[in-house]
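Note sheet for the following structure.
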Amino acid sequence: MKEIVPPLSAILRNDAAAVQALFQQNVVPSYGRFDIVLSHGSGSYVYDINGRRYLDLGGGIAVNSLGHAHSAITESLLDQSRKLIHSSNFYYHEGQGRLARALVQLIGPGKCFFGNSGGEANEGLFKLARKFGHDEGRFEIITTLNSFHGRTLAGIAATGQDKVKKGFEPMVPGFRQVPYNNLEAMRAAISPATAAILIEGIQGEGGVTPARADYLLGLRQLCDEKRLLLLMDSVQCGHFRTGRYQSFQRILEEAVQACTIGSETFLPDGISMAKSLGGGFPIGAFWVRAPYADLLGAGTHGTTFGGSPLACAVALKILEVIQSQNLADNARKVGDYVKAGLEQLAQKYPSVIQNVRGLGLMLGIELTPHIARLPGESTRTQAVRFANLLHAAGLMVIPAGTQILRLLPPLNLRKDEAEEGLEVIELAVERLAN
Ligand code: PLP
């Protein structure tokens, strides 16, 4: 891909300070941002406005599924925008129907609803659960500790992390959390008011923790037994990131190999999706399994922008590229390669890396709690300090919590790019180890 050369004037005018000043004066300061002002990207690389290049292994937090400035995305945006950008959900258009069919074919019999973000997709699942339990007075959704389900009011109530709730109490009622990967805790938490269970296939913000196969299968059984909906938040871990369309499909491969009954037919009742689905264009969706697919009837749920012709055209194009270029396989192979490399680093530098987790191109590096500070280093969390070190060396990663770094790169990350990433990480780890 051709790289765009940033204009020289950016350096001369010291635009970085000017952009940061614009933010300070005009943008709500709800994000802790790194000291980087981005200009443009190309493939797996992004450039700041001073022309500095970064290998982007953060992928916009699992969003840029085809990397930056992918020509297929650009062309589908241009193409569709010449025809119909937005209609309204008062009318039909082919793209939304085709995208829903594609997702149904990838997951299983059911139907899809389209929104604009992961938080909104989860809101749809919450409403689905409430509608499902409504006539029996059931409304409660049990979620897990360390989970993350978005920043809406119900999203923070569902999330199993106190830091997102603080200052926004009282919480929306009807959400409770139990430890993840603990079937007995889930069983014990079910009350007569419970309507659904919601988990991530791999906890992302909570530090890249995959669900165990027996946990997934046990939850399915539990939900059948207690007549609960089993809901999965696949906003971060879905869309081929693990090497399969859904993370639970990848996790359950092991169970299938061990001939565990039921694993090959495992399906949740609802799945929320976003992030990689649009490759950077905002789109979210939820899939609902066939028996419940018509629960949300006309007039019960909606959004102005959801499933627009433009969003659907881009999502369909991304699916086409992922499938025609076998990017699920690539995510699996390159992911396995990176994970093996990180595990070697963990062995070589146990004073810095405590653990490596994840599947495919959703990987987490857990740092040890007491890494000595380098001269002049800030007093922020281990994860932020390590991210800063990597940034200085031209590599982008995403912190999770205080001690974990996530790699969520494009699904088309090449092996040589992965090698480059591992080398940069090793240099940083080596510095901290000494
Ligand atoms: N669910 C999960 C698992 C997520 O990781 C996120 C975002 O990081 C969300 C929901 C919220 O998605 P969004 O930020 O698009 O609202």
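Since the structure is predicted, the reported quantities are computational estimates derived from the model, not experimental observations. Just follow the structure's listing: the first ligand is 1, and inside any ligand the first atom is 1. Positions are given from 1 along the sequence.
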### Task
Could you check atom 15 (O) of ligand 1 against the protein and tell me its nearest heavy-atom contact, residue, atom and distance included?
Gly118 N, 2.8 Å
#### Entry: Short side-chain donor-acceptor distance under 3.5 Å, His68 and Tyr45
no
### Message
Under 3.5 Å, is there a donor on one side chain and an acceptor on the other for Glu123 and Thr152?
### Response
yes
## Note on the structure
For Ser117, the atoms of ligand 1 under 4.0 Å from one of its heavy atoms are 15 (O), 16 (O)
### Query
Between Lys165 and Thr159, is there a donor-acceptor pair closer than 3.5 Å when you use the side chain of the first and the backbone of the second?
yes
#### Entry: For atom 1 (N) of ligand 1, closest protein heavy-atom neighbour
Asp233 OD2, 2.7 Å
### Query
Going by the atom numbers of ligand 1, which of them fall below 4.0 Å from some non-hydrogen atom of Val235?
1 (N), 2 (C), 4 (C), 6 (C), 9 (C), 10 (C), 12 (O)
### Task
Return the orientation label for the Phe113 and Phe286 ring planes: parallel under 30°, perpendicular over 60°, tilted otherwise.
parallel
### Task
Assess the side chains of Glu140 and Ser191: does a donor N or O sit below 3.5 Å from an acceptor N or O?
yes
### Query
Side chain, backbone, both or neither: which part of Glu120 has a heavy atom under 4.0 Å from ligand 1?
neither
### Query
With ring centroids as reference points, do His134 and Phe139 lie under 6.0 angstrom apart?
no
### Proximity flag Lys275 to ligand 1, non-hydrogen atoms under 4.0 Å
yes
#### Entry: Nearest neighbour in protein (non-hydrogen) for atom 16 (O) of ligand 1
Gly119 N, 2.7 Å
### Message
If the cut-off is 4.0 Å to any non-hydrogen atom of Asn122, which atoms of ligand 1 fall inside it?
### Response
1 (N), 10 (C)
### Message
Need the ligand 1 atom indices (1-based, order shown) with element for anything under 4.0 Å from a heavy-atom of Glu200.
### Response
3 (C)
### Query
Within 45° of the ring axis of Tyr54 and under 6.0 Å from its six-membered ring centre, is that where the NZ or CZ of Arg52 lies?
yes
### Task
Starting from atom 5 (O) of ligand 1, find the nearest protein heavy-atom neighbour and note its residue, name and distance.
Gln236 NE2, 2.7 Å
### Query
Among protein heavy atoms, which sits nearest to atom 4 (C) of ligand 1, and what does the distance come to when rounded to 0.1 Å?
Phe148 CD2, 3.6 Å
### Query
Is the shortest distance from atom 13 (P) of ligand 1 to a protein heavy atom below 4.0 Å?
yes
### Message
Under the criterion salt bridge (Lys or Arg N to Asp or Glu O under 4.0 Å), I'd like the reasoning laid out for Arg406 against Glu205: C-alpha separation, chi angles, the key distance, then a yes or no.
### Response
CA-CA 9 Å; Arg406 276 173 291 171; Glu205 302 295 310; 2.7 Å; yes
### Query
What part of Arg151 sits under 4.0 Å from ligand 1 if we count only heavy atoms: the side chain, the backbone, both or neither?
neither
### Query
Strictly under 6.0 Å, is that where the ring centroids of Phe126 and Phe175 end up?
yes
### Message
Within the 4.0 Å heavy-atom shell around Glu205, which atoms of ligand 1 are there?
### Response
8 (O)
